[in-house]
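To keep things clear, I will list the structure first and then write my remarks on it.
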Amino acid sequence: MYYKISIRSLLSKWKQYISLFIVTIFGVGISLFLLFAVKGMLSAMATKAKIYYGGDLQILGGTDSLEFFNADELREKIEAVMPENAVVSKRYTLRANDVLLYNNGMEARFRQMIGVDFNREKELFKRFNYVDGSAENITEKNGILLSQPIAELLGVHAGDEIDLHVLANGPGKGAVKLIVKGIFHDSSVFGMYTIYFDFDFLISLNNKPEGFANRIGVYFPDGSFKEKKAKKYQKILESAINMYPLVEDKDEFYDKINEKIFEEPTFALITIDSSMEELTVIIEAMNWVSMLIILALVVIIIVGVSSTYRVLIMKRINEIGIFKAIGMSRFNIYRVLISETACLMLAGCIIGFMLAVFFSWILSLFNLSFIPAFDVFLSNGFIIPKIEVANALIMEAIIFVTTLAAVVLSIRKAVRITPVQALSTTE
């Protein structure tokens, strides 16, 4: 009954409520759009980091340096205690200080060489943004993956042959023929100066013994890993291998290794967030700025709706007097007026969500790779907003409840008026 009265009132006085409706729609829409966009940017950065570091978790360690010589045995021990959906693989990462790529008179320096067990990390590398080729069959004929900037500098495409030159004092052989298997779209801190090799090939190139590696990566393809689960996995690993206590700053463990205090191989669990600690300031800044903007929009919605509703209620004093004159209690008048606001807010939140999805789709159409140093937040040059329905519902619930609470405070004085006072008041 009360909802019927509310809906009829909204329909009959829709011109009075249109401004409230628009404020709600655009306030909710822009807030959710900003949330989706920031989540998408951070998700793109996290994906690049996972590819670069080998997954959601890294296990690093050794006795007096960050390297070990029983990689297969260690990987099997870790795999045995990890959840069935976890992908556990060995990696070899090293600086490329004395190495360059060469093709038809053009040369390119790069920063990092990463040896990957592509058979195990197949699902992870499917998420790479390839512009040419892929990681398929990379183990054949010394295959490598290049970033697009390096490929353009060398003037090569997938399938082309290039030379890897090892300079004086560098590791391994003097010159090696390589085949470009894939070119990925990345000019970020993770990918621009990184070359991905087959694990066994890079071990051979650097004359390392069989069983050598310097990290184990753990990846959860279903996205089930959360940072708060780190302690759980630390405890699981402690049952299988000799673990150093969980650290938030990986440099703490590095310092212990460099001090050569360990008498036996000791390992540390490093989460993806700890690996990205250099970018923590950027991540926190993005989160704080977005939250402040969202908070400002929420305040605008609450203040706008409650203050405008207060004016509308004052124009309806006579109507409230009639309600009281026919015997309607103060509580039931509250119910009618709050029902109006609830219907208005509910419709506004639903349409606002749809507007946010529409804005997100529009944003995903623009290639933003031309912005310097922005590619770390992009997927193949685009921002792909992450539509998180659960977070959207939480935000809309907060807006809904706080706005209703503000409206209750706004109409409290009008509802307390006596029938005689209400009916004698002119609008």
Side-chain angles (χ1 to χ4, degrees), residues 21-52 124-132 147-149 152 183-192 223 272-273 276 279-302 304 345-400:
F21 196 47
I22 291 174
V23 168
T24 303
I25 290 173
F26 280 94
V28 171
I30 295 173
S31 298
L32 292 180
F33 164 68
L34 182 60
L35 176 68
F36 297 159
V38 170
K39 290 290 185 181
M41 292 165 65
L42 294 180
S43 177
M45 184 174 68
T47 297
K48 294 174 188 291
K50 288 175 185 179
I51 292 171
Y52 183 80
L124 184 57
F125 276 84
K126 282 182 180 179
R127 303 182 68 181
F128 233 166
N129 301 313
Y130 296 103
V131 295
D132 194 6
S147 68
Q148 189 176 17
E152 290 176 349
I183 298 171
F184 54 92
H185 188 117
D186 198 349
S187 57
S188 73
V189 293
F190 296 119
M192 182 172 179
I272 192 66
D273 283 1
M276 294 194 301
L279 298 173
T280 299
V281 174
I282 297 176
I283 296 172
E284 289 182 352
M286 288 180 63
N287 283 326
W288 274 108
V289 170
S290 62
M291 290 309 298
L292 287 174
I293 295 174
I294 290 172
L295 180 61
L297 291 170
V298 171
V299 171
I300 289 172
I301 295 172
I302 295 171
M345 292 296 299
L346 183 60
C349 286
I350 292 172
I351 298 176
F353 176 81
M354 296 169 63
L355 187 65
V357 173
F358 175 72
F359 285 161
S360 298
W361 174 72
I362 293 294
L363 179 64
S364 68
L365 300 178
F366 292 93
N367 191 318
L368 302 176
S369 56
F370 64 90
I371 302 177
F374 197 65
D375 201 71
V376 69
F377 301 115
L378 306 179
S379 297
N380 206 18
F382 298 85
I383 292 178
I384 308 299
K386 190 174 182 181
I387 312 297
E388 295 187 339
V389 177
N391 285 335
L393 290 174
I394 292 172
M395 181 178 291
E396 290 186 340
I398 293 172
I399 294 173
F400 187 85

| task | Look up atom CZ in F400 and atom OG1 in T24, then write down how far apart they are to the nearest 0.5 Å. | result | 10.5 Å

| message | Less than 6.0 angstrom separating the ring centers of F128 and F184, yes or no? | response | yes

| note | Nearest heavy-atom contact between S360 and I387 is OG-CD1, 3.9 Å

| How many angstroms lie between CG in L35 and CD in E388, if you round to the nearest 0.5 Å? | 6.5 Å

| Smallest separation among heavy atoms of P385 and L363, with atom names | CG-CD2, 4.0 Å

| request: Determine yes or no for a side-chain-to-main-chain donor-acceptor pair under 3.5 angstrom, with S43 supplying the side chain and K39 the backbone. | output: no

| remark: Rounding to 0.5 Å, atoms CD (E396) and CZ (F353) come to a distance of 7.0 Å

| task | Provide the closest heavy-atom pair for M395 versus S31 in the form atom of the first, atom of the second, distance. | result | SD-CB, 3.9 Å

| query | Closest heavy-atom contact between S364 and I384? | reply | CB-CD1, 4.2 Å

| task | Starting at CD1 of I294, measure out to CD1 of I399 and round the result to the nearest 0.5 Å. | result | 9.0 Å

| request: For V38 and S290, work out which heavy atoms get closest and say how close. | output: CG2-CB, 3.7 Å

| note | Taken to the nearest 0.5 Å, the spacing of T47 OG1 from N129 CG works out to 8.5 Å

| task | Tell me, yes or no, whether the heavy-atom count around F21 atom CZ, taken from other residues, nucleotides or ligands under 6.0 Å, exceeds 12. | result | yes

| Should the pair F358 and W361 be assigned to parallel (<30°), tilted (30 to 60°) or perpendicular (>60°) ring geometry? | tilted

| request: Could you pull out all residues at least two apart from F382 that satisfy ring-ring contact (aromatic ring centres under 6.0 Å, His included)? | output: none

Pairs under 3.5 angstrom only: tabulate donor-acceptor contacts from the side chains of residues 373-380 to other protein residues two or more places apart or in another chain.
residue, atom, partner, partner atom, Å
D375, OD2, S187, N, 3.1

| task | With sequence neighbours excluded, tell me which residues meet ring-ring contact (aromatic ring centres under 6.0 Å, His included) with F359. | result | F33

| Spacing of F366 atom CZ and I371 atom CD1 [to the nearest 0.5 Å] | 11.5 Å

| remark: Taking every heavy atom of L32 against every heavy atom of A356, the minimum-distance pair comes out as CB-CB, 3.6 Å

